[in-house]
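This report refers to the structure that appears directly beneath it.
Naming convention: chains lettered A, B, ... in sequence-line order (proteins, then strands); numbering from 1 in each chain. This is a predicted model, so every value here is computed, not measured.
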Amino acid sequence: MQIATWNVNSLTVRLPQVLDWLQANPVDALGLQELKLTDDKFPLLALQEAGYHAVTHGQKTYNGVAILSRTPARDVVRNIPEHDDAQARIIAATLDTPNGPLRLINGYFVNGQAPGTDKFAYKMRWLEALREWVRKELAANERLVLVGDFNVAPEDRDSFDPVGLRETIHHTTEERQHFRDLLELGMCDAFRLFEQPEKSFSWWDYRMLGFQKNRGLRIDHILVSEALRPSVSACVIDRAPRKNPQPSDHTPVVVTLG
DNA sequence: ATGGTAGCTCTGCTA
């Protein structure tokens, strides 16, 4: 089975590209981020016609997440339980698979703007709450997958300019420690289970020909629990949608289990 | 040293 993540930066604008991509890449589940629309505007019918169920946690203007799946999702959670958050950044659900239930958490992690700002402090609090909740989810669900736009480049090799951007947003010691904390709970970065091309990125700034110059970051991730790790057979970044006219600034990441 | 682009909303914010 295959699970993917894609920050679409407005599902209203990107729906035709999502439908095209799903036709070419009929994954079993897809976590979407930055829908930038409310649930009443979610294109449920078009996605149902494409063969997907959907559970959504939408929001106007900013944020908004959804899980698309071939089979119905159950036990849906929206946002981190007991963590007050005005922003719609998390949706989690259980999928029933031939190998048993699989818990999928899809997140649009806080950007954080710059170290020292209120937004960065919010990012740190949000990551702490996420870590404590993932700890519980992992205790309850040994087959756990955490996908999304983490807004963290975990290592220097995940950035086009690790020296010039040292300790700037996505690159700070604190953000990277939070990423490692998630791994230390018993998750692993599926992408790094395999040999990968150098300068593999999942996001490129729209400005200054970022994609054309491959000035990007790897900030979209798929973490799998120890129980799932032996079944991971591939993990790739699909750069193709970033070449589309009117692309999202992010491109999909796909993991293959089994 | 600053601005560059995109989306949403409507003027500035977020990324």
Side-chain angles (χ1 to χ4, degrees), chain A residues 5-21 31-43 46 56-66 79 84-91 106-127 130 147-154 158-172 174-176 178-179 201-221 237-253:
Chain A
T5 176
W6 192 4
N7 178 326
V8 292
N9 185 20
S10 168
L11 186 57
T12 306
V13 173
R14 233 64 68 190
L15 178 63
Q17 294 181 47
V18 172
L19 293 171
D20 285 350
W21 189 81
L32 296 170
Q33 304 94 35
E34 280 207 86
L35 306 181
K36 297 187 172 180
L37 50 72
T38 44
D39 288 345
D40 58 303
K41 302 252 189 346
F42 190 86
T56 65
H57 186 201
Q59 189 167 10
K60 184 184 166 80
T61 311
Y62 303 120
N63 314 308
V65 287
N79 273 2
D84 260 348
D85 198 342
Q87 305 186 8
R89 296 185 171 277
I90 287 280
I91 189 163
N106 174 37
Y108 173 47
F109 291 34
V110 177
N111 175 293
Q113 192 178 54
T117 64
D118 289 348
K119 292 193 182 80
F120 190 83
Y122 165 51
K123 182 175 196 171
M124 293 299 107
R125 288 196 304 275
W126 193 92
L127 285 167
L130 179 76
V147 308
D149 173 1
F150 284 52
N151 271 313
V152 179
D158 299 312
S159 172
F160 71 97
D161 186 10
V163 175
L165 296 172
R166 177 165 292 147
E167 295 301 334
T168 65
I169 199 65
H170 308 302
H171 299 71
T172 66
E174 299 98 306
E175 291 165 281
R176 288 176 168 180
H178 273 293
F179 188 86
F201 306 130
S202 65
W203 169 89
W204 300 262
D205 201 305
Y206 284 123
R207 299 166 288 189
M208 300 187 297
L209 302 172
F211 182 63
Q212 290 88 331
K213 296 177 178 172
N214 197 29
R215 293 166 60 87
L217 304 174
R218 191 176 72 95
I219 55 177
D220 300 272
H221 305 296
I237 296 172
D238 180 5
R239 294 166 56 101
R242 192 61 176 79
K243 300 172 186 168
N244 290 342
Q246 264 200 301
S248 168
D249 45 353
H250 297 252
T251 211
V253 185

*If the P atom of dT14(B) is compared with that of dT9(B), how far apart are they to the nearest Å?*
14 Å
*Residues in ring pair (Phe, Tyr, Trp, His ring centres under 6.0 Å) contact with Tyr108(A), at least two apart in sequence or another chain*: none
*Taking CZ from Phe211(A) and P from dA6(B), how many angstroms apart are they, rounded to a whole number?*
14 Å
_What is the separation between atom CG on Asp249(A) and atom P on dG7(B), rounded to the nearest whole Å?_
9 Å
*More 5' along DNA chain B: Pro247(A) or Val110(A), using each one's nearest nucleotide?*
Pro247(A)
*Can a side chain N or O of Arg14(A) be found less than 4.0 Å away from OP1 or OP2 on dA6(B)?*
no
*asked:* I need the CD1-P distance between Ile219(A) and dA15(B), as an integer number of Å.
replied: 11 Å
*Figure out the CD/C1' separation between Gln33(A) and dA15(B), and round it to whole Å.*
14 Å
_Asn79(A): partners by side-chain hydrogen bond (donor to acceptor under 3.5 Å, both in side chains), with sequence neighbours left out_ = none
*C1' gap between dA15(B) and dG3(B), integer Å*: 15 Å
*Rounded to the nearest Å, what distance is computed from the CG atom of residue Leu35(A) to the P atom of nucleotide dG7(B)?*
15 Å
For nucleotides 12-14 of chain B, give me every protein contact, N/O to N/O, under 3.5 Å, one pair per line with atom names.
from: dC13(B); atom 1: O2; to: Tyr62(A); atom 2: OH; distance (Å): 3.0
from: dT14(B); atom 1: OP2; to: Lys119(A); atom 2: NZ; distance (Å): 3.1

*Donor-acceptor under 3.5 Å (Thr56(A) side chain, Ala66(A) main chain)*: no
_Restricting to side-chain contact (heavy atoms from CB on, under 4.5 Å), what partner residues turn up for Gln17(A), sequence neighbours left out?_
Trp6(A), Arg14(A), Asn244(A), Gln246(A)
_d(CZ, Arg207(A); C1', dG4(B)) in whole Å_ = 6 Å
_Between C1' of dA15(B) and CH2 of Trp203(A), the distance in whole Å_ = 8 Å
*Option from Asn111(A), Asp85(A), Thr117(A) for which side chain to side chain contact (heavy atoms under 4.5 Å, CB included) with Tyr122(A) holds*: Asp85(A)
*asked:* Taking the P atom in each of dT2(B) and dA6(B), what is the distance between them to the nearest angstrom?
replied: 23 Å
_Phosphate OP1/OP2 of dC8(B) contacted by Ser10(A) side-chain N/O (<4.0 Å)_ = yes
*Please name all residues satisfying side-chain hydrogen bond (donor to acceptor under 3.5 Å, both in side chains) with Asn106(A), sequence neighbours left out, ordered by chain then number.*
Gln33(A)
*In chain order, what residues pass the side-chain hydrogen bond (donor to acceptor under 3.5 Å, both in side chains) check against Asp40(A), with sequence neighbours excluded?*
Thr38(A)
*Rounded to the nearest angstrom, tell me the gap between atom CG in Asp205(A) and atom P in dT2(B).*
18 Å
